[in-house]
Amino acid sequence: MKEKLQQIKQAALAELQAPDCDTEAVRVKYLGKKGELTAVLRGMGALSPEERPVVGQMANDVRAEIEAALATVVAAAKEKALNDRLAREKLDVTMPGKCERVGHQHPLTRAQREMEEIFIGMGFEIAEGPEVEYDYYNFQALNIPENHPARDTQDTFYITDKILLRSQTSPVQVRVMEKQSPPIRVISPGRVYRSDALDATHSPLFHQMEGLVVDKGITMSDLKGTLETFARKMFGDKTEIRFRPHHFPFTEPSAEVDVSCFVCGGKGCRVCKGEGWIEILGAGMVHPFVLSNCGIDPEVYSGFAFGMGLERVTMTRYGIDDIRLFYENDERFLKQF
Ligand code: DAH
């Protein structure tokens, strides 16, 4: 029996030495309930009373030795696994980090926000209107009846005979005046549509910002002062404005308004095409017909209105020479703002 115990010990230790030893299988095979060592212990009843404690002690020693060897092999395997993993997941903390790119506002959005801030500073509120609009608001209420030649320059996308994509932000004037009684001081930025072919200065979709002030005793000088203040804040303190007579059906008198070129100061350069002036908007005193169309008595109230192209203002401001750049989403362009 003693030899048997020695054999078990040697066999177990030898198996544990093998490189890919399955430690759990070894434990079950030798120390488990049906294991070889247990079988020996079961047979101890056949021994003499003198031999029993000796063999018992020996069996315990063998068990302890196998257990110790098992523990060593298991610990070594665990350590090796950990080291392998550490080597695999090695992190080089001296590597430069990956830079997260942060986006920013589109130049048109930036210019729009800047313009809004300037007008809000003068007491204006922002009003919104639908881009899909009734012919009534886009044309008729603005004193542009059916078949009026002024419609030609704003030929737009019709959805039905009476519904279209708005060709200007002016219909918001009508919507505001219908709902609100004077004093009114609003601006209305937004998209407008015209069936123009895309080129360096035209786009079938572009943006305008409308302005409207209605109150008692509003005159052309209020319009001039408001636009001059806006132009100086937007283009610089030295900016001058110039009114040229024009015709819009919804204002009387009407004007087109230029700002002195902010690059050359009026001498003439590439940006202003040698003119010294850059046209940025249309404006005028709200036509009495438009006021009464909206339920406002033109005998009591007067008002001024203006409408400017956001693209035009932004192109002027940043010296951009092609409107298409705004819509192409080319990062080489957008990154510059
Ligand atoms: N809606 C005009 C256009 O798109 C611009 C304009 C001119 C707006 C005069 C106005 C205005 O409010 O008073 O050409």
Side-chain angles (χ1 to χ4, degrees), residues 115 119 124-131 133-145 148-157 164-178 184-196 201-215 218-228 230-231 241-259 278-291 293-294 296 298 301-313 323:
M115 291 157 74
F119 283 108
F124 283 72
E125 285 171 34
I126 296 176
E128 285 188 349
E131 288 170 33
E133 185 55 285
Y134 289 107
D135 181 283
Y136 174 76
Y137 288 104
N138 195 77
F139 290 128
Q140 287 174 51
L142 290 166
N143 203 25
I144 313 173
H148 190 286
R151 289 194 180 210
D152 291 352
T153 56
Q154 297 195 6
D155 198 12
T156 187
F157 301 103
L164 44 80
L165 296 183
R166 66 179 180 187
S167 62
Q168 48 186 353
T169 44
S170 305
V172 185
Q173 288 187 32
V174 180
R175 288 180 172 274
V176 169
M177 285 191 279
E178 276 183 353
I184 292 171
R185 232 184 282 159
V186 292
I187 50 165
S188 185
R191 290 193 194 108
V192 299
Y193 304 83
R194 293 187 193 178
S195 58
D196 287 338
T201 52
H202 295 88
S203 161
L205 180 162
F206 62 104
H207 301 74
Q208 287 187 334
M209 185 178 283
E210 195 77 11
L212 173 71
V213 171
V214 182
D215 203 351
I218 296 292
T219 68
M220 195 100 174
S221 64
D222 297 310
L223 170 62
K224 275 193 97 168
T226 303
L227 292 180
E228 193 173 83
F230 163 73
I241 57 170
R242 178 174 83 168
F243 278 54
R244 280 180 291 104
H246 197 75
H247 170 261
F248 295 107
F250 37 91
T251 43
E252 180 58 35
S254 305
E256 278 190 329
V257 180
D258 305 335
V259 292
I278 300 167
E279 183 204 320
I280 58 159
L281 57 87
M285 301 307 292
V286 182
H287 198 293
F289 286 179
V290 176
L291 290 175
N293 280 344
C294 304
I296 293 176
Y301 293 103
S302 56
F304 68 75
F306 57 86
M308 58 186 128
L310 218 67
E311 279 81 354
R312 173 64 73 86
V313 171
I323 200 171

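Order of appearance sets the numbers: ligands from 1, and atoms from 1 within every ligand.
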side-chain contact (heavy atoms from CB on, under 4.5 Å) assessment of Arg194 paired with Phe206: CA-CA 8 Å; Arg194 293 187 193 178; Phe206 62 104; 3.7 Å; yes
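Listed by chain and number, the residues in a side chain to side chain contact (heavy atoms under 4.5 Å, CB included) with Ser195 are Asp155, Phe157 (sequence neighbours excluded). Residues meeting the side chain to side chain donor-acceptor pair (under 3.5 Å) test with Arg175, sequence neighbours left out: Glu133. Under the side chain to side chain donor-acceptor pair (under 3.5 Å) criterion, Thr251 pairs with Ser254, sequence neighbours left out.
Residues Gln208 and Gln168 bring no donor and acceptor atom of their side chains to less than 3.5 Å of each other.
Protein residues lining ligand 1, listed by chain and number: Gln154, Gln168, Ser170, Gln173, Arg194, Gln208, Glu210, Phe248, Phe250, Thr251, Gly282, Ala283, Gly284, Ala305, Phe306, Gly307 [non-hydrogen atoms, distance under 4.0 Å].
For the pair Pro189/Ile126, a side-chain contact is recorded, criterion being any heavy-atom separation below 4.5 Å from C-beta on.
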